[in-house]
Amino acid sequence: MTTIDQPVTVDGDKLMQFVFQAVGEVGATLNAALVVLGDKLGLYQTMAGAGGLTPAELADRTGTHERYVREWLNAQAAGGFVTYDPSTGLYTLPPEQTVALTDENSPAFLPGFFQIALGTVQDTNRMVDAARSGAGIGWHEHDTDVHDGCERFFRPSYHANLVDSWLPALDGVVDKLTNGAKVADIGCGHGASTILMAQAFPRSSFTGSDYHPESIATARERATDAGADVRFEVAGSTSYGGENYDLVTTFDALHDMGDPVGAARRVRESLAPDGTWMVVEPMAGDKVEDNLNPVGRAYYGFSTLLCTPASLSQEVGLGLGTQAGPARIRDVTTAAGFTRFRVAAQTPFNLVYEVRP
């Protein structure tokens with residue numbers, strides 16, 4: 001029997017609408033590099049509170065070449081990151097952008113987000129091969145912008161929320177920490193979360209662990225600089241040391257693990273009988289349609305290029321993905337023997353789960 005394909009009618013207006021949308025995507029892709037450039041050269045910091053500046057003035061104050069600075073400023077103005085006054089030829093960093101682009105203690109601080117994105121896309125050629133073979137790409141195999149950018153993106157949120165709202169949302173945990181608790185921070189990276197807790201609760205003891213030796217070396221340096229009494233060890237999520245912890249924490253790391261159920265079992269066996277596991281994960285809903293928004297779009301991108309490959313590079317390789325959602329995280333904890341699970345707190349970028357035996 002012969003089938004006749006019907007011609008597909010293309011709406012010219014919709015086609016051009018998509019083309020211009022795609023042009024915007026190219027500009028956004030390039031702007032990730034421009035934001036990282038501006039951050040590393042101190043261009044945003046120099047513009048902060050300075051009022052209007054000419055390209056020559058900005059170049060002179062930052063020790064950069066005026067011709068590059070002029071093009072950078074024009075790109076930033078076209079994207080709405082700075083404003084341009086054609087009557088004076090001056091460029092200004094508005095106060096809102098000043099906070100988002102220069103205040104590393106603000107939960108709205110963004111350069112780290114751009115930095116981790118830029119570091120991630122640099123491995124696109126390797127991802128082509130990995131997607132064909134199903135192989136993974138380990139966290140340790142990525143550019144240092146991935147590691148540094150990750151800390152710089154998440155640390156401001158931890159700084160704003162961890163001590164003041166996330167820990168108080170857990171049943172009885174703050175009292176334990178105040179009086180002196182035993183805490184393990186699993187997948188601690190550069191140790192930002194561990195150090196913040198140690199500074200806030202000096203009577204408690206803290207051990208941070210991560211499988212990445214270079215990250216642990218950085219964490220130890222950061223703890224020394226901060227004067228924080230923290231022990232850091234190189235260890236995987238299923239093999240970290242210690243027992244009878246009052247609190248175990250995992251910040252934006254469970255979905256990266258090859259064997260999250262095995263990690264959860266290790267947490268279960270290392271907890272005190274009345275202990276708590278705090279799991280902080282990226283904001284996500286349980287259904288695809290719940291995540292079709294700007295935050296979900298960014299996280300699905302990271303999931304494809306960074307987090308899922310990291311999981312697939314490890315034993316088991318479950319590949320939870322960045323947008324796992326509460327139901328899948330609950331399934332992981334239940335499989336490991338936990339019986340209590342709830343969403344304790346949330347921000348636009350994170351969900352905080354309380355998990356108990």
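A quick note: this is a predicted structure, and the numbers were derived from the prediction, not measured.
Using a 4.0 Å cut-off between a side-chain N of Lys or Arg and a carboxylate O of Asp or Glu, E233 and R231 qualify as a salt bridge. Contact check on E104 versus R155 returns a salt bridge, with a Lys/Arg side-chain nitrogen under 4.0 Å from an Asp/Glu carboxylate oxygen. At a threshold of 4.0 Å, the pair R266-E243 counts as salt-bridged, since one of the basic side-chain nitrogens sits closer than that to a carboxylate oxygen. No salt bridge links R61 with E57; every basic N to acidic carboxylate O contact stays at or beyond 4.0 Å. Classification of K40 and D145 as a salt-bridged pair holds, one side-chain N sitting under 4.0 Å from a carboxylate O. By the 4.0 Å N-to-carboxylate-O rule, E66 lies close enough to R70 to be salt-bridged with it.
Annotation: side chain of V267 is in contact with side chain of F338 (closest heavy-atom distance under 4.5 Å). The closest side-chain heavy-atom distance from T46 to L43 is not below 4.5 Å.
Taking the six-membered ring for Trp and thresholds of 30 and 60 degrees, H147 and W139 have ring planes inclined between 30 and 60 degrees apart. In this pair, Y245 and Y240 present their aromatic rings tilted. The plane angle is within the 30 to 60° band.
In this structure, the ring of F349 has its center less than 6.0 angstrom from the ring center of F153. The ring of F154 has its center no closer than 6.0 angstrom to the ring center of F109.
No donor-acceptor pair closer than 3.5 Å links the side chain of D143 to the backbone N or O of G119. Within the 3.5 Å criterion, the main-chain N or O of V352 finds no donor-acceptor partner in the side chain of Q346. A distance-only check finds a donor-acceptor pair linking the side chain of T347 to the backbone of N350 [under 3.5 Å].
A donor atom on one side chain and an acceptor atom on the other are found under 3.5 Å apart for Y91 and N74. Using modelled atom types and a 3.5 Å distance limit, the side chains of T308 and S303 yield a donor-acceptor pair.
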Could you walk me through whether F251 and W277 pass the ring pair (Phe, Tyr, Trp, His ring centres under 6.0 Å) check?
CA-CA 11 Å; F251 291 88; W277 183 21; over 10 Å; no

Could you walk me through whether Y84 and Q76 pass the side-chain hydrogen bond (donor to acceptor under 3.5 Å, both in side chains) test, one step at a time?
CA-CA 9 Å; Y84 173 66; Q76 296 299 282; over 6 Å; no

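G189 and A219 make their closest contact through O-CB, 3.9 Å (heavy atoms, listed as atom of the first residue, atom of the second, distance). Shown here for I195 and A228, the closest heavy-atom pair between the two residues is CG2-CB, 3.9 Å.
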Pairs of donor and acceptor atoms involving the side chains of residues 164-176, under 3.5 Å and at least two apart or interchain, shall be tabulated with distances.
| residue | atom | partner | partner atom | Å |
| --- | --- | --- | --- | --- |
| S165 | OG | N161 | O | 2.9 |
| K176 | NZ | D274 | O | 2.8 |
| K176 | NZ | D274 | OD2 | 3.4 |

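Residue pairs meeting the salt bridge (charged side-chain N to carboxylate O under 4.0 Å, His left out) criterion with at least one partner in residues 204-225, sequence neighbours excluded, are E151-R222.
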